[in-house]
Amino acid sequence: MIKIDVKGCSTFVTPEQSKKYTDKALEAFDVLVSGEGAGNDFLGWKHLPSETPESLLADCESVRDGWKALGVDLVIVIGIGGSYLGARCAIEALSGNFDKLLKGPKAAPDVVFAGNNLSEEYLAELMDLAAQRNTACIVISKSGTTTEPAVAFRIVKEFIEKNYPNPAERIVAITDKSRGALKTLATQEGYRTFVVPDDVGGRFSVLTPVGLLPIVVAGFDIRAMIDGAKEMEQKLAVKSADNAAVQYAAIRNLLYTELGKKVEIMVTYNPKFQYLGEWWKQLYGESEGKDGKGIFPASVNNTADLHSMGQFIQEGDRVMFETVVNIEKANRSVVIGRDEQNLDQLNFLAGKHVEHCGSMAQLGTKLAHIDGGVPQIEVSIDHIDSRILGGLFYFFEFACGISAYTLGVNPFNQPGVEAYKKNMFALLEKPGYEEQTKEIRKRL
């Protein structure tokens, strides 16, 4: 399902270094599998694929079916960070690039996202859209008090309450099982609820209801996604130097520690995978960026970004390496035709698939970047579908745990994200932050 190729790093590292860091990664594998490492109370994601009950999948599908019966054609998913990135990644990867622009009846509602910014224009324009559509909402928050999704939900909730006779049938809450503002509200209002597991952090939650419900509502096969993740869970459970997650964790830590490669660029060559890069950046950035350590995660979508970032990657500061997600087969076919005038001088490509041109661009870029001093890791999948995407999610999650333990940090906490929140609450004059407000105002 997933293959990893590190030969693009071979001219930069020695066999002795590779052996050393493979051994380190295997030690970290033991820590992750044993559950004895730092943050071990957040390891629930490890066995999610094999332990996902049939009842959960059926419950997600019943929400889809219920909203279909109501004629819902727009679902607003409210969440931030791990509460939306995985679902958005999956929906964009599995959708047609122009599905939302196609005329005629649709098999599933359009899914849009809110609560991931504090843009007044964005929310106003979202409400303009909701006013023209048959709208429902999924709100995702462990606490219900995170500022961005809480603001968005207050506005969307008010809209639904004003425009529909039974608002509760159009709102689903994914939240804590027993406490928090959103859980309290859901109980009071009679919303249908799904649980965010206590032992699964947000950035590891795509295979929980956090990701599964939006994905199935958008019309995609969550059973196949879980099956793919389950297959990957079984493969990665085998301790071996050939384990793809061990290989990935080992080589990236080697490049970082021994060669000073402090920036990892995820490279994709399909526009549908733009949000794979966004999801992956949070997963690795929040898991590894602490204690003064960590590889900075960045992403590009080629070939478009070869015309914007290509120069820097080729000849800029040599602080980076690339992880290329390679898709071996396209799901659609387009062949380049012949033109009698040949003014664009492309007749030499006549009869060839567009994907062939893309593959050659990808190979040419690989050779140029390696020659330019940029090591390259390649993670290959056969094609894009729900099953393979489920396996890809699990692969990067499992490899992240190994890599962070190899680096010597707790993969499952994020103490640094609280600093900006305290300042924001003080500036907004939230009750209880009076002293911080006074101190901040002295600095401004």
Side-chain angles (χ1 to χ4, degrees), residues 1-2 4 25-61 82-83 85-87 89-90 140 142 174-178 194-216 221-240 242-249 279-280 282-284 286-288 381 386-406 410-414:
M1 181 190 293
I2 291 175
I4 186 165
L26 287 168
E27 291 174 7
F29 174 95
D30 287 336
V31 173
L32 180 62
V33 170
S34 69
E36 297 176 354
N40 58 9
D41 49 344
F42 283 95
L43 290 174
W45 58 272
K46 275 198 317 181
H47 299 299
L48 272 177
S50 58
E51 295 178 357
T52 298
E54 159 65 26
S55 58
L56 173 58
L57 301 177
D59 285 347
C60 290
E61 291 166 342
S83 294
L85 283 169
C89 168
I140 306 166
K142 187 79 169 172
I174 304 176
T175 188
D176 191 87
K177 64 181 178 181
S178 60
F194 290 80
V195 173
V196 180
D198 287 336
D199 56 358
V200 179
R203 58 189 177 274
F204 289 85
S205 68
V206 64
L207 298 174
T208 73
V210 170
L212 296 177
L213 183 58
I215 292 166
V216 77
D221 188 349
I222 56 173
R223 293 174 184 271
M225 184 167 288
I226 290 295
D227 285 344
K230 186 186 302 183
E231 180 182 339
M232 186 56 60
E233 177 189 341
Q234 293 167 350
K235 286 185 177 181
L236 297 184
V238 179
K239 183 181 179 182
S240 166
D242 294 327
N243 182 308
V246 169
Q247 290 181 310
Y248 181 52
W279 172 81
W280 170 87
Q282 187 200 1
L283 178 64
Y284 280 80
E286 204 166 64
S287 297
E288 293 189 324
I381 61 174
S386 296
R387 185 183 68 86
I388 289 174
L389 192 58
L392 193 63
F393 281 139
Y394 191 85
F395 164 76
F396 279 120
E397 289 177 349
F398 196 82
C400 183
I402 298 174
S403 185
Y405 281 140
T406 303
N410 178 353
F412 307 114
N413 67 352
Q414 53 278 341

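Numbering of residues begins at 1 and proceeds along the displayed sequence.
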(request) Ignoring hydrogens and angles, tell me if any N or O in the side chain of Y405 forms a donor-acceptor pair with the backbone of A38 under 3.5 Å. (result)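 Between the backbone of A38 and the side chain of Y405 there is a qualifying donor-acceptor contact (under 3.5 Å).
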
With a 4.5 Å heavy-atom cut-off, do [X] and [Y] have their side chains touching?
| X | Y | value |
| --- | --- | --- |
| V206 | E397 | yes |
| E288 | S403 | yes |
| L43 | L32 | yes |
| L207 | T52 | no |

Just jot down the side chain to side chain contact (heavy atoms under 4.5 Å, CB included) partners of [X], sequence neighbours excluded, or say none.
| X | result |
| --- | --- |
| F194 | L56, D59, C60, V63, V172, I174, R192, P209, L213 |
| S205 | V200, T208, V210 |
| A245 | L236, N243, F395, F398, A399, I402 |
| A237 | none |

Which residues pass the side-chain hydrogen bond (donor to acceptor under 3.5 Å, both in side chains) test with [X], not counting sequence neighbours?
| X | answer |
| --- | --- |
| S240 | none |
| D221 | none |
| Q247 | none |

About how many Å separate [atom2] of [Y] and [atom1] of [X], when rounded to the nearest 0.5 Å?
| X | Y | atom1 | atom2 | answer |
| --- | --- | --- | --- | --- |
| F42 | F412 | CZ | CZ | 10.0 Å |
| L283 | C89 | CG | SG | 11.0 Å |
| Y394 | M225 | OH | CE | 15.5 Å |

(request) With sequence neighbours excluded, tell me which residues meet salt bridge (Lys or Arg N to Asp or Glu O under 4.0 Å) with E233. (result)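 Partners of E233 under the salt bridge (Lys or Arg N to Asp or Glu O under 4.0 Å) test: none.
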
(request) Taking salt bridge (Lys or Arg N to Asp or Glu O under 4.0 Å) as the test, write out the residues that go with D30, two or more places apart. (result)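 Only K239 meet the salt bridge (Lys or Arg N to Asp or Glu O under 4.0 Å) criterion with D30.
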
(request) Provide the full list of salt bridge (Lys or Arg N to Asp or Glu O under 4.0 Å) pairs with a residue in residues 39-55, sequence neighbours left out, each pair given once. (result)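 Every pair satisfying salt bridge (Lys or Arg N to Asp or Glu O under 4.0 Å) with a residue in residues 39-55: E54-R223.
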
(request) Only pairs at least two apart or in different chains count here, so list each salt bridge (Lys or Arg N to Asp or Glu O under 4.0 Å) that has a residue in residues 194-205. (result)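 The answer is K142-D198, K177-D198, R203-E286.
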
(message) Can you list everything that forms a ring-ring contact (aromatic ring centres under 6.0 Å, His included) with F393? Sequence neighbours excluded, please.
(response)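 Result, ring-ring contact (aromatic ring centres under 6.0 Å, His included) vs F393: W279.
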
